[in-house]
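Please read all numbers here as calculations on a predicted model, not as lab measurements.
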Amino acid sequence: MLDLRLIREDPDRVRASQRARGESVDVVDQLLAADEARRSSLTEFERLRAEQKALSKDIPSASGDEKQALLVRAKELSAQVKDAEAAADDAQRELDELALVPSNVIVDGVPAGGEDDYTVLREVGERPDLGTGEQARDHLEIGESLGAIDTERGAKVSGARFYFLTGVGAQLELAILNLALATAAEAGFTPMITPTLVRPEIMSGTGFLGAHADEVYRIEADDMYLVGTSEVALAGYHSNEIVDLSNGPLRYAGWSACYRREAGSYGKDTRGIIRVHQFHKVEMFSYCRAEDAVDEHERLLGWEERMMAAIEVPYRVIDTAAGDLGASAARKYDCEAWLPSQSRWLELTSTSNCTTFQARRLGVRERTDGGTRHVATLNGTLGTTRWIVAILENHQQPDGSVRVPVALRPYLGGRELLTPAGT
RNA sequence: GGAGGAUUCGCCUAGUGGCCUAGGGCGCACGCUUGGAAAGCGUGUUGGGGGCAACCCCUCGCGGGUUCGAAUCCCGCAUCCUCCGCCA
């Protein structure tokens, strides 16, 4: 949700942002009209209500005919107040509904356009030389040979896009997540294990029930949602609170299972564990002052790149185009690892600056000299199940083994190599 | 699943239809006092919205209702606590 004051004072900025995203520009004028309607109906209600209060104060001390006359007048007024209040409520409801429509206003510098209009900020690391003309084996082939990934039984038990991580595969996932959590803790984040079922208002407050509502699993019997990321729970953590940011940002690292329906991605990444319905993730989440959000975003990206370096995979950083941003994000950077088997880049991390957009919906504020104001929220990935893909493929050896990146070794009992089962 | 009880300002609490314009205590902030501090005294201290302003409106868990008037009465819901049942 945007600040109505911004829409009133600088509607052109909002229009430009909506245009860059390829979304509705007219909604700005609809909002301005709804805001005007709300204010005039509210003023009328308040005028009548004040009159009613003044009148009812005189009733107890009146008597006889005078009292009867007052009661008659008060009864009329009571009906008028009721109508005016209903009108004001309707106008407020209409405004509230419209206010959810515009997406966050993009940060200056975000490229306009859609999925393919990103800007590459940098490319880091060398793509592995896997031998002359040799076709790189893909992560599933490697994973199966290591006895690490079992997608067939995943499908048998739960359907397409489910999998078992077995043996060293399970350990490798935990190694990634443990390294991520340790990195976060060292950087001052508070480690958190979060709920994965949340109430509707929390899911909606984070902005995931807009255009991407089909992505979310809903538990109909209990009217709850399964989260696609711990960002949801961490954003809800301080909902309707006034937080204290005087000692710097509040930083949390959430560990959770993540659930995604992957509706509309039929036929895309169907092999292996690149695109799955359930995975684990360690996510950074930061509450900071609005004016610090741009710097905080760079810091989150910095921690993500530290993790990229730790798993020793070649990657690039992209500045996602406006049309490919989630509704809440004002800017998003992705780190994409090189995927040798497909000669393409694969998203491993994503960090979004949601400015005050989420906090406004969720009611997260801070105290300032001039009252309260909404804080900024940011999030970023520090490790997921998918990273197994990039690690297996980039560290595969000609003999079929996989080299373990140095930083992960302590979490794998010191192992330097993962070797195929039965060799 | 059933039966009771609770939900008031950061915390504790008063409040059974108009005297609530929600009182008191704690905490916190500022001031007085002091050589300095403590104590004491005084002032302030929920949040949101409208208005150029004076000022006004809303906010006693949430949503309805009764009434000229609701923290207070009625209905529904949520959360927490206690007990019972069921499951483990």
A.B. asks: Which residue pairs pass the salt bridge (Lys or Arg N to Asp or Glu O under 4.0 Å) test when at least one of the two sits in residues 262-277 of chain A, sequence neighbours left out?
C.D. replies: A/D138-A/R271, A/E262-A/R275, A/D269-A/R275, A/D269-A/R344

A.B. asks: Can you tell me which stems RNA chain B forms when a stem means 3 or more consecutive Watson-Crick or G-U pairs under 3.5 Å?
C.D. replies: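 Stem segments, range with range: B:1-7 with B:78-84, B:10-13 with B:23-26, B:27-32 with B:40-45, B:47-50 with B:55-58, B:61-65 with B:73-77.
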
A.B. asks: Does anything in residues 79-97 of chain A come within less than 4.0 Å of RNA chain B? Heavy atoms only, and list the residues if so.
C.D. replies: A/K82

A.B. asks: Answer yes or no: is there a donor N or O on one side and an acceptor on the other, between the side chain of A/R386 and the main chain of A/I274, under 3.5 Å?
C.D. replies: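 Present.
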
A.B. asks: Do we see a donor-acceptor contact under 3.5 Å between the side chains of A/D3 and A/T356?
C.D. replies: no

A.B. asks: Can you tell me, in whole Å, how much space there is between the C1' of B/U13 and that of B/G1?
C.D. replies: 35 Å

A.B. asks: Contacts to RNA chain B from residues 45-54 of chain A, heavy-atom cutoff under 4.0 Å, which residues?
C.D. replies: A/F45, A/E46, A/R49, A/A50, A/Q52, A/K53

A.B. asks: Among residues two or more places apart or on two chains, list those pairs meeting salt bridge (Lys or Arg N to Asp or Glu O under 4.0 Å) that have a residue in residues 403-421 of chain A.
C.D. replies: A/E312-A/R403

A.B. asks: What pairs meet the ring-ring contact (aromatic ring centres under 6.0 Å, His included) rule with one or both residues in residues 355-391 of chain A, with sequence neighbours excluded?
C.D. replies: none

A.B. asks: Mapping A/R5 and A/S78 onto RNA chain B by nearest heavy atom, which one lands closer to the 5' end?
C.D. replies: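 The residue whose closest nucleotide sits nearer the 5' end is A/R5.
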
A.B. asks: Test: ring-ring contact (aromatic ring centres under 6.0 Å, His included). Region: residues 5-24 of chain A. Which pairs qualify, not counting sequence neighbours?
C.D. replies: none

A.B. asks: Which whole number of Å gives the distance between the C1' atom of B/U8 and that of B/G47?
C.D. replies: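 Here B/U8 and B/G47 have their C1' atoms 14 Å from each other.
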
A.B. asks: In whole angstrom, give me the gap between the P atoms of B/G23 and B/A14.
C.D. replies: 16 Å

A.B. asks: Is it the case that A/T381 and A/K281 place a side-chain donor and acceptor less than 3.5 Å from each other?
C.D. replies: no

A.B. asks: Output every pair passing salt bridge (Lys or Arg N to Asp or Glu O under 4.0 Å) with a member in residues 151-173 of chain A, not counting sequence neighbours, ordered by first then second residue.
C.D. replies: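 Of all non-adjacent pairs touching residues 151-173 of chain A, those that pass salt bridge (Lys or Arg N to Asp or Glu O under 4.0 Å) are A/D150-A/R153.
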
A.B. asks: Just call it for A/L42: base, sugar-phosphate, or nothing, with non-hydrogen atoms closer than 4.0 Å on any strand.
C.D. replies: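 Since only primed, P, OP1 and OP2 atoms lie under 4.0 Å of A/L42, the category is sugar-phosphate.
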
A.B. asks: Please report the distance separating the P of B/C75 from the corresponding atom of B/C84, rounded so that it comes out in whole Å.
C.D. replies: 28 Å

A.B. asks: What residues form a salt bridge (charged side-chain N to carboxylate O under 4.0 Å, His left out) with A/R199, not counting sequence neighbours?
C.D. replies: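 Salt bridge (charged side-chain N to carboxylate O under 4.0 Å, His left out) check on A/R199 returns nothing, list empty.
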
A.B. asks: Distance between the P atoms of B/A88 and B/U7, in whole angstroms?
C.D. replies: 37 Å

A.B. asks: With P as the reference atom in both, quote the distance from B/C60 to B/A70 in angstrom, rounded to an integer.
C.D. replies: 12 Å

A.B. asks: When the P atoms of B/G51 and B/A3 are considered, how many whole Å apart are they?
C.D. replies: 49 Å

A.B. asks: Could you tell me whether the side chains of A/E231 and A/Q358 share a donor-acceptor contact shorter than 3.5 Å?
C.D. replies: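 Present: a donor and an acceptor within the cut-off.
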
A.B. asks: I want to confirm an ordering. Mapping A/T372 and A/L70 to their closest nucleotides on RNA chain B, which one lands closer to the 5' end?
C.D. replies: A/T372

A.B. asks: Mind running salt bridge (Lys or Arg N to Asp or Glu O under 4.0 Å) on A/K82 and A/E85 for me, showing each step along the way?
C.D. replies: CA-CA 5 Å; A/K82 205 169 202 173; A/E85 184 170 25; over 6 Å; no

A.B. asks: Kindly state each residue pair satisfying ring-ring contact (aromatic ring centres under 6.0 Å, His included) with at least one member in residues 44-83 of chain A, sequence neighbours excluded.
C.D. replies: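 Pairs touching residues 44-83 of chain A that pass the test: none.
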
A.B. asks: Indicate, with a heavy-atom threshold strictly under 4.0 Å, whether A/R73 touches base, sugar-phosphate, or nothing.
C.D. replies: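 The answer is nothing, as A/R73 stays clear of every strand by at least 4.0 Å.
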
A.B. asks: Under a criterion of less than 4.0 angstrom to any heavy atom of chain A, what are the 5'-terminal and 3'-terminal contacting nucleotides of RNA chain B?
C.D. replies: B/G18 to B/U79

A.B. asks: How would you list all residue pairs meeting salt bridge (Lys or Arg N to Asp or Glu O under 4.0 Å) that involve residues 320-337 of chain A, not counting sequence neighbours?
C.D. replies: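 Sorted result for residues 320-337 of chain A: A/R316-A/E336, A/D319-A/R331, A/K332-A/D334.
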
A.B. asks: Considering only the C1' atoms, how many Å lie between B/G27 and B/C11, rounded to the nearest integer?
C.D. replies: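 That atom pair is separated by 7 Å.
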
A.B. asks: Mind running salt bridge (Lys or Arg N to Asp or Glu O under 4.0 Å) on A/R39 and A/D35 for me, showing each step along the way?
C.D. replies: CA-CA 6 Å; A/R39 281 192 287 169; A/D35 181 41; 3.6 Å; yes

